[in-house]
Peer 1: 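Take this structure, written in structure tokens, and hold onto it; I'll ask about it next.
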Amino acid sequence: MKSYNPKEIEKRWQRRWEKEKTFSVKEDAKKKKFYALIEFPYPSGAGLHVGHPRPFTAMDVISRKKRMEGYNVLYPIGFDAFGLPTENYAIKTGRPPAKVTKENIATFTRQLKSLGYSFDWSRSVDTTDPEYYRWTQWIFLQLYKHGLAYKKNQPINWCPKDKIGLANEEVVQGCCERCGTPVEQRNKEQWMLAITKYADKLLEGLKEVDYIAPARIQQENWIGRSEGAEVQFVIQSEAKDLPISRSLTVFTTRPDTIFGATFVAVSAELAQSWLKVGWQASEKVKKNVEATLKERVATADRDEQEKTGVDTGIKAVNPANGEEIPVWVTNYVMGGVGTGAIMAVPAHDERDYEFAKKFGLPIKIVICAAKHVSGLKFDKNGTAHGSIDELNASYSDVYTPEEMLKIIEENGAEELEDGLVCNSAFLNGLKALEAKEKMIQWLEEKGVGKRKVNFKLRDWVFSRQRYWGEPLPLVFCEACAKNKKFESKGEEMNPGWIPDEKLPLKLPKVAKYEPTDTGESPLAAMEKWVNTRCPRCGGKARRETDTMPNWAGSSWYFLRYCDPKNKKEFASMKKLKYWLGSPKPDAKPGEGGVDWYNGGMEHTVLHLLYSRFWNQFLFDIGAVPTHEPYKKRTSHGMILGPDGEKMSKSRGNVINPDEMVEKFGTDAFRMYIMFMGPFDQAVMWDTNGLVGVRRFLDKVWNLQEKISENATFSNIDENHLQTTVKKVSDDIDQMKFNTAIAQLMTLTNHFSKKNIKRVHFETLLLLLSPFAPHFCEELWENLGHNSPISKETWPQYDLNKIKNQSMTIVVQVNGKVREEMGLVPEASEEDVKQAALASEKVQKWLEGKEPKKIIYVKGKLVSIVV
RNA sequence: GCGGACGUGGCGGAACUGGUAUACGCGUACGUCUCAGAAGCGUAUGGAGCAAUCCUUGAGGGUUCGAGUCCCUCCGUCCGCACCA
């Protein structure tokens with residue numbers, strides 16, 4: 001017998017799969033479809049990282065199993081190739097990004113093919129291919145035509161190192177997500193996508209889909225819906241010079257606490273906007289505003305930041321009780337949130353409390369609830385700690401501490417929701433949530449406020465001033481703008497667009513890729529390209545020179561996979577319906593999507609949200625068949641270096657996949673990646689573990705010699721086999737690959753102690769084949785099969801075949817295991833109990849006492865209580 | 001601060017709806033093969049003890065015949081958001 005030589009057999013099978021197009025799929029109405037998706041890689045110059053194979057192998061295992069179960073499986077691959085690293089490389093070396101990208105894709109392709117993935121390579125896409133980005137541009141134009149893309153002059157996050165504008169989502173703690181440089185604010189004209197118009201739909205859609213909880217929760221938090229009210233506070237006459245001469249609008253989620261508002265706090269941004277339009281504020285106020293705005297940009301960690309502020313001297317009237325309260329400018333109210341102004345309720349908001357304490361502003365309790373009376377803490381015995389006397393010093397009609405305690409105890413009012421409103425006129429005695437509703441109604445009736453839903457989500461900054469991205473297919477024509485030939489949607493001149501049949505608008509070849517400090521894209525210097533004819537009137541016009549962010553191409557790639565060669569549409573509806581539509585006969589319209597999408601947690605906010613937005617929009621205009629793009633979303637953990645740290649060149653703990661494949665073989669590498677640890681958790685690389693998996697494969701290889709038709713096959717053997725079929729099947733479905741492999745090892749260990757029948761060895765190979773495909777193909781062929789194992793049927797288990805000759809019953813005395821007995825499986829409860837009591841060991845522990853109680857768990861154990 | 005995940009041998013990690021904790025792998029020790037080493041193969045391997053037996057799932061308490069699993073308090077690690085009103 002030849003020994004196991006991975007190098008030889010892996011090349012052979014890879015060539016054969018390619019030649020026979022084993023994994024190419026076509027739509028086939030007779031077969032159930034299954035669409036498995038992984039996040040397509042960015043083809044960096046460094047080549048494949050060991051992080052890549054983890055999700056790729058996992059979905060490959062699932063895809064291979066699904067194929068064997070009779071599904072028509074689409075498992076596609078492509079490249080998300082626009083982006084900064086390639087552009088920066090081009091700047092450094094002067095080589096054209098398109099060329100560099102081609103080379104990188106070739107490297108990635110070779111590496112991915114060497115790992116034996118069952119991708120349908122004939123459907124491969126490349127986001128930088130004009131035939132692909134033609135449709136990215138087309139979708140953008142659809143958004144524009146539907147009023148969801150607009151140009152806006154606004155402060156943007158500017159990374160001075162990368163010389164690029166960043167979306168809010170790309171700024172982490174005030175720094176550029178990519179390079180870590182502190183971000184500056186700059187005013188720039190930017191293309192925006194109105195994702196906020198889809199905020200509610202994006203939130204609603206999460207109910208339809210099966211995402212792992214952290215992914216769903218992160219999306220919910222990011223969208224950040226909060227229900228409350230906008231309330232008008234009338235400004236007193238001393239502030240005539242204020243632009244908001246009549247009233248100031250605040251947003252609050254707790255209108256029920258309005259009687260406890262003791263001051264109004266406004267953001268420095270709002271104050272600045274007043275100053276710009278002629279507010280005559282004192283020098284002190286002006287200085288404070290300036291200082292706060294400066295600090296905003298510089299401070300990354302706001303945790304430790306001291307609250308500061310200044311009294312503007314303006315008075316506002318609380319509409320609920322007519323009380324006059326001061327307006328302060330503070331650093332803890334943010335410009336972009338709500339209306340940029342709040343009513344401060346120090347008794348029930350920690351931040352307001354901290355501020356009120358510091359500046360000696362009054363604190364008024366209006367809700368009796370243990371956890372929400374600032375400065376007061378109640379322990380389990382109901383004893384109050386803190387200083388309520390200090391709090392209510394300026395308000396005589398608040399309950400005494402004793403009365404409050406009583407209310408809290410009687411109503412079990414721990415949380416704010418359970419609290420009772422006090423000191424609030426017509427709201428007194430109501431539960432906080434009821435009071436909230438009543439107050440909103442009251443505000444609306446009086447015309448001093450209205451119900452309002454607020455979102456954290458901001459519109460998406462969609463333009464980048466860089467070269468290596470999709471050009472925005474827009475043209476500015478002054479003549480047309482003057483003649484108002486285009487419907488007005490933005491603030492400035494409205495550009496016309498390039499007609500569909502003229503797409504794609506190709507990226508021109510430029511000599512220099514450097515971005516400019518003025519913030520213009522390198523395309524702006526291409527006079528020949530920039531100056532063009534207006535597609536409407538044929539007159540002189542200029543092209544838009546901004547490009548799209550790298551999120552654009554990845555927002556719809558899963559759609560293109562369904563019909564990658566289509567020249568007339570981004571994909572035909574018929575094909576989209578086949579691959580994305582729900583196969584369930586009772587499915588509601590719009591239900592379905594990619595059956596299973598696995599990707600990194602780092603993409604659960606941005607990429608996932610953006611592509612859901614595009615898909616929902618495309619659904620609304622009738623271009624795709626489903627509401628939601630992805631039916632099911634899972635995530636993998638990171639692979640850490642052998643030192644337990646994130647792999648990085650500077651740490652020198654990077655593992656090269658090519659090297660591992662060269663040394664141990666692709667199948668061992670794939671199996672080790674799956675065996676390392678729980679799929680959703682971070683795991684440390686340990687090459688010794690890979691050695692162990694390789695040993696396992698050798699062991700399976702050697703089983704060939706033990707095949708004998710005279711081999712015995714006992715019930716115990718049958719048990720092992722059936723349990724393994726069940727466990728491996730179930731575990732793969734639940735992505736518990738590590739335990740599936742452990743079970744295959746157990747079965748192999750069992751088999752290697754005896755002679756085995758060929759059919760049982762074959763079952764083992766079938767179960768192993770998704771993990772180690774080349775290895776199993778080879779052994780399958782050695783057994784004399786002509787057709788490949790990948791075309792075989794997945795084994796079925798039959799629990800009825802598990803026949804126990806005996807069952808093992810554990811006997812516990814007072815909760816401790818004292819005896820283990822083998823009994824016939826037919827034994828009745830009485831038989832088992834009798835046998836247990838009769839046992840010598842049990843008798844010894846009973847010490848002659850009568851058992852109080854005997855519990856029997858069928859087929860498992862007897863528990864005797866003395 | 002809020003939200004989420006988690007804490008089990010020397011190490012990575014198993015354990016279904018509460019029912020024999022430590023599966024599987026690594027490492028280690030001994031044996032076998034070998035001129036020798038490596039790789040194989042075999043046996044052992046949570047801790048203490050000669051043994052009977054006792055102890056053991058971050059710490060402490062509770063519920064239960066029975067807790068890694070459920071409840072409470074605390075400690076620690078990782079991730080996400082962050083003065084979001």
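Both backbone and side-chain heavy atoms feed into the values below; hydrogens, waters and symmetry mates do not. Each chain gets a letter, A, B and so on, in the order its sequence line appears, and its residues count up from 1.
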Peer 1: What is the distance from CZ of A:Arg225 to C1' of B:A85, rounded to the nearest Å?
Peer 2: 16 Å
Peer 1: Checking A:Phe664 now: which residues fulfil ring-ring contact (aromatic ring centres under 6.0 Å, His included) with it, not counting sequence neighbours?
Peer 2: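 So A:Phe664 forms no ring-ring contact (aromatic ring centres under 6.0 Å, His included) with any residue.
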Peer 1: Taking the six-membered ring for Trp, is the centroid-to-centroid distance between A:Phe775 and A:Tyr4 below 6.0 Å?
Peer 2: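 Aromatic pair counts; centres sit under 6.0 Å.
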Peer 1: For RNA chain B, list all stems, counting runs of three or more consecutive pairs where every pair is Watson-Crick or G-U wobble with both distances under 3.5 Å.
Peer 2: B:1-7 with B:75-81, B:10-12 with B:24-26, B:27-32 with B:40-45, B:46-48 with B:53-55, B:58-62 with B:70-74
Peer 1: B:A67, OP1 or OP2 - any side-chain N/O from A:Lys816 closer than 4.0 Å?
Peer 2: no
Peer 1: Which nucleotide in the list B:A85, B:G27, B:C41 gets nearest to the side chain of A:Thr252?
Peer 2: B:A85
Peer 1: Check every strand shown and say whether A:Trp685 touches a base, only sugar-phosphate, or nothing at a heavy-atom separation below 4.0 Å.
Peer 2: nothing
Peer 1: Once you round it to whole Å, what is the distance between P of B:G80 and CG of A:Leu609?
Peer 2: 17 Å
Peer 1: Strictly below 4.0 Å: does A:Asn738 bring a side-chain N or O up to OP1 or OP2 of B:C24?
Peer 2: no
Peer 1: Just jot down the side chain to side chain donor-acceptor pair (under 3.5 Å) partners of A:Asp667, sequence neighbours excluded, or say none.
Peer 2: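 Once residues adjacent in sequence are excluded, the partners of A:Asp667 under the side chain to side chain donor-acceptor pair (under 3.5 Å) criterion are A:His774.
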Peer 1: Report, as yes or no, whether the 6.0 Å neighbourhood of atom NZ on A:Lys646 holds more than 12 heavy atoms from other residues, nucleotides or ligands.
Peer 2: no
Peer 1: In residues 855-866 of chain A, what residues come within less than 4.0 Å of RNA chain B, judged by heavy atoms?
Peer 2: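 Contacts with RNA chain B under 4.0 Å: A:Ile855, A:Val857, A:Lys860, A:Leu861, A:Ser863, A:Val865.
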Peer 1: Looking at every strand, decide which applies to A:Gln681 at a 4.0 Å heavy-atom threshold: base, sugar-phosphate, or nothing.
Peer 2: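 It contacts nothing in the nucleic acid.
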Peer 1: Are OP1 or OP2 of B:G25 and a side-chain N or O of A:Arg695 less than 4.0 angstrom apart?
Peer 2: no
Peer 1: Should the ring pair A:Phe359 and A:Trp328 be called parallel, tilted or perpendicular, given that the plane angle runs from 0 to 90° and is split at 30 and 60?
Peer 2: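 Correct class here is tilted.
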Peer 1: What is the distance from CD of A:Gln218 to P of B:A82, rounded to the nearest Å?
Peer 2: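 In whole Å, B:A82 P lies 11 Å from A:Gln218 CD.
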Peer 1: Is it the case that the side chain of A:Arg458 and the backbone of A:Phe455 share a donor-acceptor pair, with hydrogens and angles ignored and the cut-off at 3.5 Å?
Peer 2: yes
Peer 1: Within the structure, does a side-chain N or O atom of A:Asn221 lie under 4.0 Å from either OP1 or OP2 of B:G4?
Peer 2: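 Checking B:G4 against A:Asn221, no side-chain N or O comes under 4.0 Å of OP1 or OP2.
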Peer 1: What about A:Gln812, does its side chain sit under 3.5 Å from the base of B:G19 through a donor-acceptor pair?
Peer 2: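 Checked by distance alone, the answer is yes.
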Peer 1: Does A:Thr739 have a side-chain nitrogen or oxygen under 4.0 Å from the phosphate oxygens OP1 or OP2 of B:A23?
Peer 2: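 Looking at the OP1 and OP2 atoms of B:A23, neither is under 4.0 Å from any side-chain N or O of A:Thr739.
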Peer 1: Report the residues that fulfil salt bridge (Lys or Arg N to Asp or Glu O under 4.0 Å) with A:Lys456, sequence neighbours left out, ordered by chain and then residue number.
Peer 2: none
Peer 1: Can you tell me which nucleotide in B:C41, B:G27, B:C83 comes closest to the side chain of A:Asn331?
Peer 2: B:C83
Peer 1: Measure from NZ on A:Lys456 to P on B:C83 and round the result to the nearest Å.
Peer 2: 9 Å
Peer 1: Report the distance from atom CD1 of A:Ile217 to atom P of B:A5, rounded to the nearest whole Å.
Peer 2: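 Nearest whole value for this atom pair: 7 Å.
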Peer 1: Are a donor atom and an acceptor atom from the side chains of A:Asp352 and A:Tyr332 found within less than 3.5 Å of each other?
Peer 2: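 Indeed, the side chains of A:Asp352 and A:Tyr332 share at least one donor-acceptor pair under 3.5 Å.
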Peer 1: Taking atom C1' of B:C81 as reference, at what distance in whole Å does atom CG of A:Leu457 sit?
Peer 2: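 It works out to 14 Å between those atoms.
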Peer 1: Can you check the A:Arg818 CZ to B:A52 C1' distance for me, whole Å?
Peer 2: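 So the CZ-C1' distance, A:Arg818 to B:A52, works out to 11 Å.
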Peer 1: If you check the A:Pro678 side chain, which of B:C81, B:G13, B:A85 turns out closest?
Peer 2: B:G13
Peer 1: Go through the structure and list residues passing salt bridge (Lys or Arg N to Asp or Glu O under 4.0 Å) with A:Glu220, not counting sequence neighbours.
Peer 2: A:Arg216
Peer 1: What's the base orientation of B:G9: syn (chi within 90° of 0) or anti?
Peer 2: syn
Peer 1: The side chain of A:Met745 is closest to which nucleotide in this list: B:A15, B:G25, B:U20?
Peer 2: B:G25
Peer 1: Starting the side chain at C-beta, find the nucleotide from B:U20, B:C24, B:G4 nearest to A:Asn749.
Peer 2: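 Among B:U20, B:C24, B:G4, the one nearest the side chain of A:Asn749 is B:C24.
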Peer 1: Check this for me: does the side-chain of A:Lys307 come within 3.5 Å of the base of B:C83 through a donor and an acceptor?
Peer 2: yes
Peer 1: Relative to the 5' end of RNA chain B, which residue comes earlier, A:Ala742 or A:Met343, by the nucleotide with the nearest heavy atom?
Peer 2: A:Ala742
Peer 1: Specify the separation, in whole Å, of atom CG of A:Asp698 and atom C1' of B:G25.
Peer 2: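 Spelled out: CG on A:Asp698 to C1' on B:G25 is 15 Å.
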Peer 1: Testing the 3.5 Å rule here: is there a donor-acceptor pair between the side chains of A:His603 and A:Glu39?
Peer 2: yes
Peer 1: Decide whether A:Asn454 and A:Ser226 meet the rule of one side-chain donor and one side-chain acceptor closer than 3.5 Å.
Peer 2: no
